[in-house]
Amino acid sequence: MPTNQFLESASVIETREVAAQTFLTEFSSPKIAAAVKPGQFVMLSFPNTLDPLLPRAFSVCETKGDRVILFYVAVGKGTTRLSKMQHAEKVVLNGPLGTGFPELSRGEKVWIAVGGSGAAVLPIIISAANNSGASPTAFYGARTKNQLMQFNHIRIEFATDDGSAGFHGTVVELLKDKMHDSRPDKIFACGPTPMLASVQREFQDKIRTYISVETPMACGMGLCQGCPVKRKDGTGYYLACKDGPVFDARVIELAAGAV
Amino acid sequence: MPTNQFLESASVIETREVAAQTFLTEFSSPKIAAAVKPGQFVMLSFPNTLDPLLPRAFSVCETKGDRVILFYVAVGKGTTRLSKMQHAEKVVLNGPLGTGFPELSRGEKVWIAVGGSGAAVLPIIISAANNSGASPTAFYGARTKNQLMQFNHIRIEFATDDGSAGFHGTVVELLKDKMHDSRPDKIFACGPTPMLASVQREFQDKIRTYISVETPMACGMGLCQGCPVKRKDGTGYYLACKDGPVFDARVIELAAGAV
Amino acid sequence: MKTNLRVRIGNLELKNPLMTASGTSGYGDELGDYFDVSTLGAIVSKSLTLKPKIGNEPPRVTEVACGMLNSIGLANIGVERFISEKLSKLKGSGATIIANIAAKRAEDYLSLAEMLSDRADIQGLEINLSCPNVKEGGIEFGSDPKMLGTITRLARNAFPRTLLVKLTPNVTRISELAKAAEGEGADGVTVANTYVGMAIDIYKRAPKIHTITGGLSGPAIKPLTMAKVYEVRKSVNIPIVASGGVFTWQDVIEYLIAGASAVEIGTVLFAKPNVPEELLIGIENYLSSSNLENISELIASLRTGIDRAPTH
Amino acid sequence: MKTNLRVRIGNLELKNPLMTASGTSGYGDELGDYFDVSTLGAIVSKSLTLKPKIGNEPPRVTEVACGMLNSIGLANIGVERFISEKLSKLKGSGATIIANIAAKRAEDYLSLAEMLSDRADIQGLEINLSCPNVKEGGIEFGSDPKMLGTITRLARNAFPRTLLVKLTPNVTRISELAKAAEGEGADGVTVANTYVGMAIDIYKRAPKIHTITGGLSGPAIKPLTMAKVYEVRKSVNIPIVASGGVFTWQDVIEYLIAGASAVEIGTVLFAKPNVPEELLIGIENYLSSSNLENISELIASLRTGIDRAPTH
Ligand SMILES: Cc1cc2nc3c(=O)[nH]c(=O)nc-3n(C[C@H](O)[C@H](O)[C@H](O)COP(=O)(O)OP(=O)(O)OC[C@H]3O[C@@H](n4cnc5c(N)ncnc54)[C@H](O)[C@@H]3O)c2cc1C
Ligand SMILES: Cc1cc2nc3c(=O)[nH]c(=O)nc-3n(C[C@H](O)[C@H](O)[C@H](O)COP(=O)(O)OP(=O)(O)OC[C@H]3O[C@@H](n4cnc5c(N)ncnc54)[C@H](O)[C@@H]3O)c2cc1C
Ligand SMILES: Cc1cc2nc3c(=O)[nH]c(=O)nc-3n(C[C@H](O)[C@H](O)[C@H](O)COP(=O)(O)O)c2cc1C
Ligand SMILES: Cc1cc2nc3c(=O)[nH]c(=O)nc-3n(C[C@H](O)[C@H](O)[C@H](O)COP(=O)(O)O)c2cc1C
Ligand code: FES
Ligand code: FES
C-alpha cells in the first residue's frame with residue numbers, strides 16, 4: 001500500500017535555546033523532510049523508556065535537505081527531555097501527519113499570526129508561500145520580549161503584551177491595526193487557544209481564516225479518537241489529527257477554556 | 001542524630017567499558033567516598049524519571065579522593081542506562097550501606113575470590129588490606145577471557161571455564177588447587193550465587209569464609225524487608241541490606257537456585 | 001528450527017497470537033501505512049454500536065505514569081457504516097477480522113450479533129461489556145455475572161463463529177465473570193479492559209478527563225492484568241486473550257506463560273504503530289532459543305513448583 | 001503568607017498531611033538518618049502482629065513498570081518488641097506515631113488494640129485488613145464489609161484515640177467498605193493498600209515473587225487510587241488518608257483536591273528517603289502561590305462544574 005507517512009528513527013543533529021525556555025532541535029529525518037507540508041506535524045517518541053510513554057506532537061518548523069527542524073517550548077517532561085538531547089541521540093518520528101494549511105497561489109496575500117509554540121509554523125509556511133509566489137507577512141506575539149525569537153531571513157512584525165518589543169498589545173490587536181491600511185486574502189493562525197479564539201471571532205466572517213488547533217493527542221494518526229474538535233454545525237466532532245490540526249475557522253467551535 | 005549514611009547528588013566524571021558489557025563509572029561523591037568500607041554498597045537512582053523507578057545496588061569498587069568508582073555489568077535497564085551516562089550528568093547515591101567485610105589485621109593472609117560483577121569489590125578490599133598491613137591475594141573467575149578485566153596495580157590470578165586465560169576451571173577449583181601449597185587465614189568471596197554456594201561448601205568448615213550475597217533489594221536500608229537471606233539456624237531471615245551483604249558463610253543458607 | 005505460532009480460539013485458527021485491541025487501531029485503515037496487517041493474528045475493530053456515536057466531550061485522553069487514561073465514549077461510525085465502508089477494504093488487506101460490539105441494552109447486543117453473523121468475513125465477535133466509560137452499556141453489564149451470562153447467551157445463539165467476551169477488571173473476582181461467559185458458550189474471554197482511573201490538573205483543580213474518571217491502559221496495568229489472567233486460567237477451560245500493557249515481545253511471552261492463548265496490543269500502537277513486526281520476531285527468537293517448536297507448549301507453562309502460599 | 005498545613009483526623013491534629021505508609025519505613029529508625037522525622041504529620045509503623053513474623057520466602061520484591069510488587073508476608077518484630085524496643089526511641093525523635101496492626105483472627109485485632117491503647121504515645125491506630133499477601137489476615141477480612149465492620153467495632157471499643165481503617169482496593173466498590181468503617185466508628189479510612197499483581201521471569205518461567213502474586217505499589221497505581229479516593233469522598237464524611245504512588249508534591253496536592261485530608265508516602269522512600277522535605281516545600285509554595293492560607297481549603301476542592309456524565 002503506498003503511503004506518505006513514515007516512522008523514522010531520527011538522530012539529533014543539534015539543539016539550540018533560542019528564547020526563554022524555547023528550543024530548536026534539528027533532526028536527520030530524510031523521508032519526513034521530503035514529504036511534509038506547512039501545518040503538518042510529527043509525533044515524536046523516545047525509544048527505550050516508558051517515561052514519557054506516549055508520543056508528543058510537534059508541528060514541523062522547517063526542513064533543510066534531509067533535516068527536520070522542530071521548534072518547541074519546554075513545558076513538561078517530554079519537551080524538557082528533548083531540549084537536553086545531545087548530538088547523535090535518537091528519537092522516533094512519525095509523520096508527516098494531519099491536514100495542514102491550504103496551498104497558496106501566486107500573488108495571494110497571506111497574513112500569518114503566531115504566538116507561543118505556534119511560532120513553529122512560521123518558517124515552513126513562509127518558505128512554501130515564497131515558493132508558490134504568494135506574498136506572506138508574519139506577525140508574532142508574546143507576553144514579553146524574551147519569549148520571542150527571530151527566525152533567519154524572515155521579516156516578522158512583533159507584538160508584546162508589555163510593549164517590550166514591537167507593537168504594544170496582542171498579535172490580534174496588531175492584525176486589526178494593520179487592517180486599516182490593507183487586507184490579506186487569507187489569514188493563517190497558530191498559537192494558544194485563547195489567541196485562536198480571538199482570531200476566529202475577529203476575522204472568520206471577513207477573511208478566509210485558517211487556524212491550527214492544539215488538543216491532547218495520544219496517537220496523532222486516527223487510531224484512538226482522542227483528539228475531538230467540536231463541529232460548529234452541531235453534528236459532532238472532527239479529529240484534530242486527521243481532519244486538522246488546521247481548520248477553516250468557520251467550521252469549528254474552540255473549547256471554552258475547557259482544556 | 002549523627003549519621004554515616006548520605007544521600008548525595010553525584011555527577012558522572014567518566015564511564016569506560018573495561019570488559020564485555022562491563023563498565024567502570026567514576027562519580028564525584030565526596031561524603032560517600034570518605035565513609036565507605038570494603039563490601040559496603042550504594043543505592044543508585046536516576047533523578048527525573050520513573051523508569052527505572054527503584055534504586056539499584058552497587059558495591060563500591062574503589063575510591064579516589066572525592067570520587068566513588070562503580071564497576072558493573074550491563075544486564076538490564078538501570079545498568080545499561082548508567083553505562084551511557086555522560087560527563088556531568090547526575091545520579092543520586094545513597095550510602096555507604098550495609099555491613100561489609102571484616103577488618104583485617106597486620107599480617108593476616110586473605111584470599112579474595114570474585115566472579116562476574118562481584119569483581120567490583122576487589123580494588124577496595126585490596127587497598128584496605130594493604131593499608132592495614134594484611135596480605136591479600138586476588139582470584140578472579142569468568143566463563144571466558146573477554147569477561148575479565150585487569151585492575152591497575154593489582155596482581156590477580158585468573159581462572160576461565162574455557163581456559164582462554166589463566167587457570168582452566170572455576171575460581172573455586174583454582175582456590176582448591178592453591179590450597180595444596182598454602183592456606184589463607186580468611187577467604188572473602190563475591191560473585192554469582194552458584195559460585196558463592198560452592199565457596200561456602202568447600203571452605204566454610206576449614207577457613208573463616210565471608211561471602212557477599214546479592215538479593216533483589218528495593219530500598220537497601222532496612223525500610224522494606226524485601227531482601228531476606230535465610231539463617232542456617234532455622235530461626236528466620238537476615239536482611240541482606242543491613243545484616244549483610246557480607247555474611248560469615250556458616251550462618252546463612254543460600255537460595256537453592258530460587259532467585 | 002521452524003516454530004509454529006498458530007493458536008486456536010473456538011473454530012478460528014489465528015496465524016499467531018497477536019491481535020490488536022479494540023479502540024486502539026480504529027477500523028484497521030491507518031495501521032496499513034505502517035506494516036502489513038495480514039501478518040497479525042487478527043484485527044479487532046473499535047467497539048461498534050447500532051447507531052453511530054459522536055463520543056464524549058474533550059479532553060478524552062491524558063498521560064499518567066506508564067499509562068494513559070481515556071474516555072472516548074465509544075465514538076464510532078456504527079455497525080452499518082462499518083460493514084458498508086470499512087469491511088471490504090480491511091478484508092482486501094488480508095486481515096483476519098474480529099468485530100467488537102457494545103450496547104446499552106441486552107437486545108441491542110442481539111441485534112448487533114445478528115447483523116454481523118451474516119458476514120462470513122467477520123471471523124469473530126468480541127463483546128465489550130466492560131468499558132468503564134459508558135454507564136449502562138459498559139460497567140453495569142460487565143460486572144454482574146448474570147447480565148454477562150444473558151448477553152453471552154444472546155450473542156452465542158446469533159453468532160455462529162468465534163465468540164469472545166471481554167471482561168472488566170474492576171471487580172473483586174474476575175474469575176466469576178469468566179465462568180459465566182464459559183457457561184453460556186463463549187469460545188474465549190478477553191482479560192481485560194481498562195481500569196477505572198483519574199487524574200487532576202492541580203492548577204485548574206479540574207479533572208484531566210472530561211468524564212472525571214477514565215480507563216487506565218498501558219504498562220502500568222500489566223502486572224494487574226497478569227494476575228487476572230492467571231486467576232482466570234485456573235477457573236475456566238476456554239482460551240484467554242490477554243489485554244493490558246503489552247509493549248514488548250517479553251510482555252507477550254509473559255502473558256502466554258501466565259495462561260493466555262493470544263494477546264491484544266493496544267496503547268503501544270500509539271507510540272509504535274509498527275510494533276507487531278518486532279513482537280513477532282522477538283516471539284520467534286524466544287521460542288527457538290528455548291527449543292520450543294510449538295507456541296502451545298508455552299501457554300500456561302508457569303512453573304509454580306513447591307507450594308508458594310504465604311507461610312503463616 | 002504563612003500557610004496552615006494542619007489537618008485533623010479524629011482527635012489527632014497532624015502538623016501537616018504527610019504520613020509514612022506502613023511497611024515502607026520500618027519502625028521509623030532508619031529514616032532519621034535522612035531527615036528530621038518530627039517534621040512529618042505522622043509515622044505509621046510496619047504492620048504489627050501479636051507474635052513476631054519471619055515473613056515470606058524470597059524473592060519478596062521486584063520492579064515492574066512505574067511500580068513494584070512486594071510480598072513481604074508481614075515480617076515484623078511483633079507488638080511487644082515494638083513497644084519495648086522501638087517506641088521510646090521513636091518518641092524521642094519527636095515523631096507523631098500511628099501503629100499499624102494486622103492479624104488473622106478478629107480477636108487478635110482486639111488484643112492488639114488493647115495492648116496499644118495503654119500507650120498514650122501511640123496517637124493513632126491503623127488497621128490493616130487489606131494486605132493482599134496474607135490469606136486470612138488480609139484480603140479476606142478487608143473485602144467483606146461485614147467482617148471489616150466487626151473488626152472496626154472491636155478496635156473502636158478498645159482504642160480511645162484516632163482509629164484509621166486501611167481499605168483494600170481489590171474490590172468492586174470500595175465505598176461500601178468505607179461506609180462500613182464509618183458506620184462502626186472509624187475516625188478515617190486509608191485509601192488504599194496495594195493491588196494484586198504478578199510478574200513472571202520468562203526464562204525461568206517462574207513467578208518473580210515467591211508467593212506468585214504480590215502487591216503493586218508506586219506511581220502506576222496513582223490514577224487508580226485517585227479514582228477510589230474520589231469515590232470514597234462522595235460516600236462518607238470521615239477524613240480520608242490517601243496511599244498510592246505519591247512521588248512528588250504535585251501528587252500530594254492532587255490527592256487533597258480529590259478529597260484526601262492526608263497522604264501516606266511509601267515506595268518513593270526507597271529511592272528518596274528524604275523526600276518529605278521537598279514535598280513539604282512544594283506544598284507550601286503551591287498553597288501560597290494559589291493564595292490559599294489554609295490547606296483545608298484545598299481538600300475535596302475538585303471542580304467538576306457542568307455535568308460530566310458520558311453523553312451517549
Ligand atoms: C498538532 C500539534 C502540534 C504541536 N506543535 C507544537 C510545536 O511545534 N511546538 C511546541 O512546543 N508544542 C507543540 N505542540 C504542543 C506539544 O505537543 C505539547 O506541548 C507537548 O506534548 C508537551 O509535552 P511535554 O511532555 O513536554 O508536556 P507534558 O508533561 O505532557 O505536559 C505539560 C503541560 O502541557 C499540557 N499538554 C500536554 N500535551 C498537550 C497537547 N498535545 N496540547 C496541549 N497541551 C498539552 C499538559 O496538560 C501539561 O499542562 C503541538 C501540539 C499539537 C496537538
Ligand atoms: C548489595 C549488592 C551489591 C551489588 N553490587 C553490584 C556491583 O558492584 N556491580 C554490578 O554490576 N552489580 C551489582 N549488583 C547487582 C545489581 O544491583 C543488579 O545487577 C542491578 O540491580 C541490575 O539493574 P538493571 O536495572 O540493570 O537490571 P534489571 O533490568 O533490573 O534486571 C536485569 C536482571 O537482573 C536481575 N536483577 C535485578 N536486580 C537484581 C539484584 N539486586 N540482584 C540480582 N539480580 C538482580 C533481574 O531479575 C533481571 O534478570 C549488586 C547487588 C546487590 C544486592
Ligand atoms: C483510546 C482507547 C480506546 C479504547 N476503546 C475501546 C473500545 O472501544 N472497546 C473496547 O472493548 N476496548 C477499548 N479500549 C481498551 C483496549 O482495547 C484494551 O483492552 C486496553 O487499552 C488495555 O490494553 P493496552 O494496555 O494494551 O492498551 C480502548 C483503549 C484505549 C486506550
Ligand atoms: C515493601 C512494602 C511493604 C508494605 N507493608 C505493608 C504493611 O505491613 N502494612 C500495610 O498496611 N501496608 C503495607 N504496604 C502498603 C503501603 O503501606 C502502601 O499502602 C502502598 O505501598 C501504596 O503506597 P505507595 O504506592 O506510596 O507505596 C507495604 C508496601 C510496600 C511497598
Ligand atoms: S490523536 Fe488519536 S485519533 Fe487523533
Ligand atoms: S532492601 Fe529494603 S530492607 Fe533490605
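Quick caveat, the model's predicted, so the values are computed rather than measured.
There is no contact between Tyr255(C) and chain D, counting heavy-atom distances below 4.5 Å. Of the atoms belonging to Phe247(D), not a single heavy atom falls under 4.5 Å from chain C. Contacts between Val64(C) and chain D at a heavy-atom distance below 4.5 Å involve the side chain alone, from C-beta outward. Within the 4.5 angstrom heavy-atom criterion, atoms from both the backbone and the side chain of Ile202(C) approach chain D.
Separation of atoms CG (Leu302(D)) and CD1 (Ile212(C)) is listed at 6.5 Å; rounding is to 0.5 Å. Between Asn170(D) atom CG and Asn170(C) atom CG the span is 11.0 Å, to the nearest 0.5 Å. Atom CZ of Arg173(D) is separated from atom OG of Ser143(C) by 6.0 Å, given to the nearest 0.5 angstrom. Atom CD of Glu254(D) and atom CE of Met198(C) lie 8.0 Å apart (nearest 0.5 Å).
In terms of heavy-atom pairs under 4.5 angstrom with chain D, the leader among Leu256(C), Ile253(C), Val229(C) is Ile253(C). With chain C as partner, the option from Thr225(D), Ile200(D), Asp201(D) having the largest number of non-hydrogen pairs under 4.5 angstrom is Ile200(D). For the set Pro219(C), Ala258(C), Ala65(C), the entry with the most heavy-atom pairs within less than 4.5 Å of chain D is Ala65(C). Counting heavy-atom pairs under 4.5 Å between each of Pro223(D), Ala227(D), Gly218(D) and chain C puts Pro223(D) at the top.
A distance-only check finds a donor-acceptor pair linking the side chain of Thr172(C) to the backbone of Thr172(D) [under 3.5 Å]. Listed for the Arg205(D) side chain is no donor-acceptor partner under 3.5 Å among the backbone atoms of Ile257(C). For the pair Tyr203(C) (side chain) and Ser290(D) (backbone), a donor-acceptor distance under 3.5 Å is absent.
Using a 4.5 Å cut-off on side-chain heavy atoms (C-beta onward), Leu224(C) and Leu216(D) make contact.
Taking every heavy atom of both residues into account, Ala220(D) and Ala220(C) meet most closely at CB-CB, 3.8 Å.
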